[in-house]
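We name chains A, B, ... by the order of the sequence lines, and we start the count at 1 in each one. The analysis underlying the following values was restricted to heavy atoms, covering all of them including side chains, and did not include hydrogens, waters or symmetry mates.
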Number of protein chains: 2
Amino acid sequence: MNLKELSALLGLSQTTVSRALNGYTDVSEATRARVQAAAKLHDYRPNTRAQALATGRSRVIGHVIPKISTHAMVNPIFADFITGAGETYSQHGYEMLISVVDVDEEEKAYRAMKRRGLVDGLIVSAPRRNDPRIELLDGIGLPYAVHGRATGTTRPYTWLDVNNRRAFARATAFLLDLGHRRIGLINGLEVMDFAHRRRQGYEEALRARGLAPDPELMRQDEMTEGYGWRAARDMLALPDPPTAFLVSSVVCMLGVRRAVDEAGLVLGRDVSAVTHDDQLSYLRDDGPVPAFTATRSSVREAGQRLARMVIDRIDNPEAPHRQDLLEADLIIGRSTGPAPS
Amino acid sequence: MNLKELSALLGLSQTTVSRALNGYTDVSEATRARVQAAAKLHDYRPNTRAQALATGRSRVIGHVIPKISTHAMVNPIFADFITGAGETYSQHGYEMLISVVDVDEEEKAYRAMKRRGLVDGLIVSAPRRNDPRIELLDGIGLPYAVHGRATGTTRPYTWLDVNNRRAFARATAFLLDLGHRRIGLINGLEVMDFAHRRRQGYEEALRARGLAPDPELMRQDEMTEGYGWRAARDMLALPDPPTAFLVSSVVCMLGVRRAVDEAGLVLGRDVSAVTHDDQLSYLRDDGPVPAFTATRSSVREAGQRLARMVIDRIDNPEAPHRQDLLEADLIIGRSTGPAPS
DNA sequence: CCAGACGGCCAAAGCGCTTTGGACACGCCC
DNA sequence: GGGCGTGTCCAAAGCGCTTTGGCCGTCTGG
């Protein structure tokens, strides 16, 4: 059933039927009701492609996954983030397009998306410092919103981020208050803006207590379980090992716990650890007292909010850019305790 | 730059330019070369929406994520699967559309996708036993391919699955060979077809050695770290505890390891465990000797292959349905050893 | 030398929708 | 009664592609 058939059935013009369904006021309420009833009865849905062609808007929002190589890491927060965004999109009548793109073809991919009219807007994930994509997208003229920030970028842009610096400063201060003096940082890759900011928070909190950050206690890598394990194991084997860890992801934290266990130590007694917790659904740490002390911020909720932000930009491209800085909660779990004396 | 402008520029008709770019033979090689050069020079990309409208094909493949409630679990394999599929799609000029849909509106969503011409085909994930979606999609007339199988469905359909029954039978036999007699099964939800098959394999292997499956040693739930931990902890506290576990996912396995550690036992010595390993990138278990003995099968590769299968169905809807049964590798790691005597 | 095949090109229709620019009828006021 | 606003409706023109059906000249074989 298409518009032509539906209007023939009703004895009305396509114009009138279209306008009735789209809420225009120049159609009488009686006709509108009749049209709506018929549309419902025959389960009429306007063809998206035709609609998109006629209106110039596709009602699709794109997410680009840059692919480094065939064996590249998939971001573990990806699934929860997507789910959150997808919820908001469907509430607002948008669809989500996901494109896996070779990292060196990313620019071409963005341009193609625009030219081909594939999407009305984009979500930019995993911004790096001075991320070139922001200027690029402004140049292309595609509305977008960034998940995270790109330190060093001067032009205004729309973003949503967790206050990573503050979260890690608080977590560090918390560990310092517990008497820990040597605190290992098991960070994500610091080309990633969030990881860079986390280190800043960590160093800042140390310096505020007159402690100098020790390069030996700072690691960065892709956040896998294996990396968490290796990093913690190696640091625990140092002559002057840390008594606490600050960890960038629950996935890594699981590796840290393994290393601590294997060293014959007890987490929360001999060694403390605080992790950042994105509240990934399959690693949810609930229960009366959570296993891990964590700076917590839901990535699914971030997805929801950011989706709304792109939609707003699409609807209103001239509006000033919005920024949203979420504070992470500090959740006290069983992985921290006073520093052993 | 659109087709009209490009053809004006070349002094050719739109027809000729279009046909030149689309590889028709009724345009001279000289003209074709000239057209291609101009297209490249001006970075011409046909507008997807117009193309879709004209051809009746959108070159988009849909993935539906059924949403149970706001706090529902996101499948941890989702991200890697998507990445695999996305790689294949982009190689073949397809885009991937992901739709988060309330589970009770799934049927409506599929119908809408068809009517609105949103997608040319679909991937069906997480099939349940007697999954109604297969008949539904046949009825709607939308090509699809299923990731997994739906036991009880009689009509032919296209699927790709891991031989879960065989994998778990092998793993069970392996543990039995090591002398284990009480083997706990920490399974996924058994409404899911894969989990049901895994239990079959497990029970089959036990019975082949004259052992009766003990309901006390069989759990099923959503596969989170916490579930793995609780299940293992509870079973280890039984009067006659298992000496080995069979675990449905590395995510659960991490919880199992935690429970084993907390019980003061050593994994691979006091307690053995075999897990299924989807080779999720952020939980990759490499290293010279992997930490976990596992039945291993790459979900990313599954995504790649399945993507190709839908594309084949779209290109050739009358071809017989293809089925693809992948055998999992049994990888011996450090989480298994002879049963303690 | 002519019919027919063929290579190379094009005008125009059509995909299913939205939107522009009226048309028409009616009632109101001066 | 003529002019004017108002409330409803519609024909037709696009949106940017693909595809159908044909045109026109050149080549080939009988």
Check: [Y] and [X] side chains under 4.5 Å, non-hydrogen atoms:
| X | Y | result |
| --- | --- | --- |
| Met309(B) | Trp159(B) | no |
| Tyr110(B) | Leu136(B) | yes |
| Pro76(B) | Leu280(B) | yes |
| Tyr89(A) | Val310(A) | yes |

| query | Is the shortest side-chain N/O distance from Ser28(A) to OP1 or OP2 of dT8(D) below 4.0 Å? | reply |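 For dT8(D), OP1/OP2 do not have a side-chain N/O of Ser28(A) under 4.0 Å.
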
| task | Check whether any side-chain nitrogen or oxygen of Thr16(A) sits under 4.0 Å from OP1 or OP2 of dC9(D), and answer yes or no. | result |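 Answer is no, no contact under 4.0 Å.
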
| request: Take the angle between the ring planes of Tyr144(A) and His321(A) and call it parallel below 30°, perpendicular above 60°, tilted in between. | output: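 Taking His321(A) first and then Tyr144(A), their aromatic rings sit tilted (interplane angle of 30° to 60°).
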
| task | Name every residue in residues 31-43 of chain A that has at least one heavy atom under 4.0 Å from any atom of DNA chain C, in order of residue number, or write none if there are no such residues. | result |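 None, since no heavy atom is under 4.0 Å.
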
| field | Contact summary for Arg155(B) and Ile134(B), nearest pair of heavy atoms | value |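 Shortest heavy-atom separation between Arg155(B) and Ile134(B) comes out as CD-CG2, 3.9 Å.
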
| query | Along nucleotides 13-18 of chain C, 5' to 3', which nucleotides get a B, which get an S, and which get a -, given that the test is a protein heavy-atom distance under 4.0 Å? | reply | -BBBBB

| task | Let me know the distance between CG of Asp26(B) and P of dC24(D), rounded to the nearest Å. | result |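 For the pair Asp26(B) CG and dC24(D) P, the rounded distance is 17 Å.
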
| said: How many whole angstroms separate atom CG of Leu10(B) from atom P of dC10(C)? | reply: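 In whole Å, dC10(C) P and Leu10(B) CG are 10 Å from each other.
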
| message | Check Arg45(A) with Asp43(A), please: is the shortest side-chain N to carboxylate O separation under 4.0 Å? | response |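 Salt bridge: yes.
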
| Presence of salt bridge, Arg133(A) and Glu106(A), under 4.0 angstrom |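 Answer for the salt bridge query: yes.
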
